[in-house]
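The structure appears right after this line, and notes come after that.
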2 protein chains.
Amino acid sequence: MPTRRTDVIDAAMNLLDEAGLDELSTRRLAERLGVRVGALYWHLKDKDELLAELADRIVGECLAAADGERGNGAAAVEGGDRTESGIERLAATARALRRAMLGHRDGARLVAGHAVPGPNSLLLADRMIRTAREAGVPLPLAAYATDTLISYVTGFVLQEQRIADRTAREPEPGPAPALDPARLAGLPDLAEMLADGPPDDETAFTAGLGLITAGLRRTTSAGE
Amino acid sequence: MPTRRTDVIDAAMNLLDEAGLDELSTRRLAERLGVRVGALYWHLKDKDELLAELADRIVGECLAAADGERGNGAAAVEGGDRTESGIERLAATARALRRAMLGHRDGARLVAGHAVPGPNSLLLADRMIRTAREAGVPLPLAAYATDTLISYVTGFVLQEQRIADRTAREPEPGPAPALDPARLAGLPDLAEMLADGPPDDETAFTAGLGLITAGLRRTTSAGE
DNA sequence: ACCTGAACACCGTTCAAGT
DNA sequence: ACCTGAACACCGTTCAAGT
């Protein structure tokens, strides 16, 4: 039976996860589909369109995750401090975006790397702005905060995946390249920080997210 | 006279600014140096090493800019609220990093895109951690805040340069692709935000930076 | 509608050999 | 020390022609 567009994208996603973005070539993809390279161009305008589709799927997984959470009745759905739980919902979306990106090799590079935002990216932005407003953040700021969170998450995961996802080619399972101690000469503060190993990604991400949400609370409820 | 390593890197930086990262090929670079492709490999291990060098130069420009500012005697050097001006110095460094990235085509993509941090990246991190500590932020948080700021700036400029730098090939000087209004159907909050044109990058960046620094102040001086 | 065959214009990298 | 010539193993994309 013939290949459909979604088959091509599915196969591309698998290839991405197995081999990484740098190894995702049209020829390898065609081979995996049992087809010649040229055939791909019947389904796709060009490679960029394919990558944009993959990127938007990843963002879509973040939206789906958020919808899933809505099912589990959280403790305080009604009443209580609406502001607190509202900003917490915004933070939860940011965490979901990170999880979605981490769920695919080079996920952040893929999402960050394409010009036109896909439908899911627009949906995510719209939702986050709405969530912020519901939490009591007025309009221009609600959008800026959304932008800030997305930039932060993207930048963070980009860094997070840089080492792990790109070099995971060779079979040497060495724990981590760490950082040559010799390079820390003359960098006392950085050295002190890295003294007991590199900080945990989870902790660092949570800390940054905490800073942004704290700033948002402070900026919003000026009187308090 | 023979080509030196720095000549190669200089030429690569020029080519980057004129043509963008996607057009920066070893063959084009060799042509520009009046040399055959293979000759480059006497000066460089591979293309990745070249890109890492470019990235670290860009970060270096940010450090130089900060040093320059130190010359201009700021209002309150001594005494006064050390905490306030201290965190402001951290924000100034973040702004300088953005300026340095914006100073080169695809600057953010280049800086974000390479695994091992160069010497200037390490220097920047060390300085920012120290600045935060001098502003009264205790150690683990000082490092997390630095990380947060760098992730934010990178993510932000990546987005900022996505449209402008990559498509600036065709001579159609159309103002901006904007966003197809039809795509905003069902996205009321996003539509409302974009009602009077896309928000200014400068304002958006400042707002995000303000959120992070406000959060840092709030988290640091817990008692106040 | 979906694919092949074959070509085009590119890549990054290596390496013997030249000077 | 620095470079040429030539090759190798790849790319993304196009397009007539087939079924």
Side-chain angles (χ1 to χ4, degrees), chain A residues 1-55 105-106 109-110 113-116 162 165-170, chain B residues 1-55 105-106 109-110 113-116 162 165-170:
Chain A
M1 59 183 162
T3 312
R4 293 155 321 175
R5 193 175 202 268
T6 99
D7 296 332
V8 178
I9 297 164
D10 287 343
M13 191 65 103
N14 291 335
L15 186 50
L16 172 73
D17 288 337
E18 292 167 29
L21 187 52
D22 294 332
E23 309 297 325
L24 173 47
S25 74
T26 54
R27 302 180 120 92
R28 293 241 261 157
L29 178 56
E31 186 185 20
R32 185 168 282 230
L33 287 162
V35 121
R36 309 284 169 160
V37 222
L40 294 181
Y41 292 81
W42 196 91
H43 301 279
L44 302 162
K45 185 178 156 290
D46 55 16
K47 191 183 177 182
D48 213 72
E49 185 183 284
L50 173 66
L51 297 182
E53 205 88 45
L54 292 179
R105 269 240 259 184
D106 297 311
R109 214 168 22 126
L110 199 53
H114 289 273
V116 274
R162 207 140 57 184
D165 289 9
R166 281 180 87 164
T167 50
R169 216 56 268 122
E170 59 270 31
Chain B
M1 62 184 159
T3 312
R4 292 155 320 175
R5 192 174 203 268
T6 101
D7 296 334
V8 178
I9 296 164
D10 287 343
M13 190 66 102
N14 291 335
L15 186 50
L16 172 73
D17 289 337
E18 292 166 28
L21 187 52
D22 294 332
E23 310 297 325
L24 173 47
S25 74
T26 53
R27 302 181 118 92
R28 294 241 262 155
L29 178 56
E31 185 184 21
R32 185 167 282 230
L33 287 163
V35 121
R36 310 284 170 161
V37 222
L40 294 181
Y41 293 80
W42 197 90
H43 301 279
L44 302 162
K45 184 177 158 291
D46 55 17
K47 191 182 177 183
D48 213 71
E49 184 183 285
L50 174 65
L51 297 183
E53 205 89 43
L54 291 179
R105 271 240 257 185
D106 297 311
R109 216 171 16 128
L110 198 53
H114 289 274
V116 273
R162 210 143 52 187
D165 289 11
R166 279 181 89 162
T167 50
R169 217 54 266 126
E170 59 271 29

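Fair warning: this is a prediction, and the values are worked out from it, not measured in the lab. Every chain is numbered from 1 and lettered A, B, ... according to where its sequence line falls, protein lines coming before strand lines.
- Of all non-hydrogen atoms in Glu23(B) and Ala19(B), the two that sit nearest each other are CG-O, 3.2 Å.
- Residues Arg109(A) and Asp22(A) meet the side-chain proximity criterion, which asks for heavy atoms closer than 4.5 Å.
- Comparing dA9(C) with dA9(D), their P atoms are spaced 22 Å from each other, to the whole Å.
- At least one side-chain heavy atom of Leu21(B) sits less than 4.5 Å from a side-chain heavy atom of Leu51(B).
- A nucleotide of DNA chain C counts as in contact with chain A when one of its atoms lies under 4.0 Å from a heavy atom; the first and last such, 5' to 3', are dA1(C) to dA7(C).
- Considering only heavy atoms from C-beta on, Leu44(A) stays 4.5 Å or farther from Thr26(A) through its side chain.
- Atom name P, nucleotides dA17(C) and dC2(D): the rounded distance is 22 Å, in whole Å.
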Under the 3.5 Å Watson-Crick or G-U criterion, the dot-bracket string of DNA chain D, with | for inter-strand pairs:
||.|||||...|||||.||
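- With sequence neighbours excluded, no residue forms a salt bridge (charged side-chain N to carboxylate O under 4.0 Å, His left out) with Asp17(A).
- Between Lys45(B) and Ser25(B), the residue whose closest nucleotide on DNA chain C is further toward the 5' end is Ser25(B).
- Taking all atoms of both residues into account, the shortest heavy-atom contact from Asp46(A) to Tyr41(A) is CA-CE2, 4.0 Å.
- Near DNA chain C, meaning a heavy atom under 4.0 Å away, the residues from residues 28-41 of chain B are Arg28(B), Val37(B), Gly38(B), Tyr41(B).
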Please list, one pair per line, the donor and acceptor atoms closer than 3.5 Å that link side chains of residues 4-16 of chain A to other protein atoms, with sequence neighbours excluded.
from, atom 1, to, atom 2, distance (Å)
Arg4(A), NE, Asp7(A), OD2, 3.3
Arg4(A), NH2, Asp7(A), OD1, 2.8
Arg5(A), NE, His43(A), O, 3.4
Arg5(A), NH1, Glu53(A), OE1, 2.9
Arg5(A), NH2, Glu49(A), OE2, 2.4
Asp7(A), OD2, Arg4(A), N, 2.9
Asp10(A), OD1, Arg57(A), NH1, 2.7
Asp10(A), OD1, Arg57(A), NH2, 3.2

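- Rounding to the nearest 0.5 Å gives a distance of 6.0 Å between CG of Leu24(B) and CG of Leu50(B).
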Which side-chain N or O atoms in residues 29-39 of chain A pair as donor and acceptor under 3.5 Å with protein atoms at least two apart or in another chain?
from, atom 1, to, atom 2, distance (Å)
Arg32(A), NH1, Glu18(A), OE1, 3.3
Arg32(A), NH1, Glu18(A), OE2, 3.4
Arg32(A), NH2, Glu18(A), OE1, 2.9

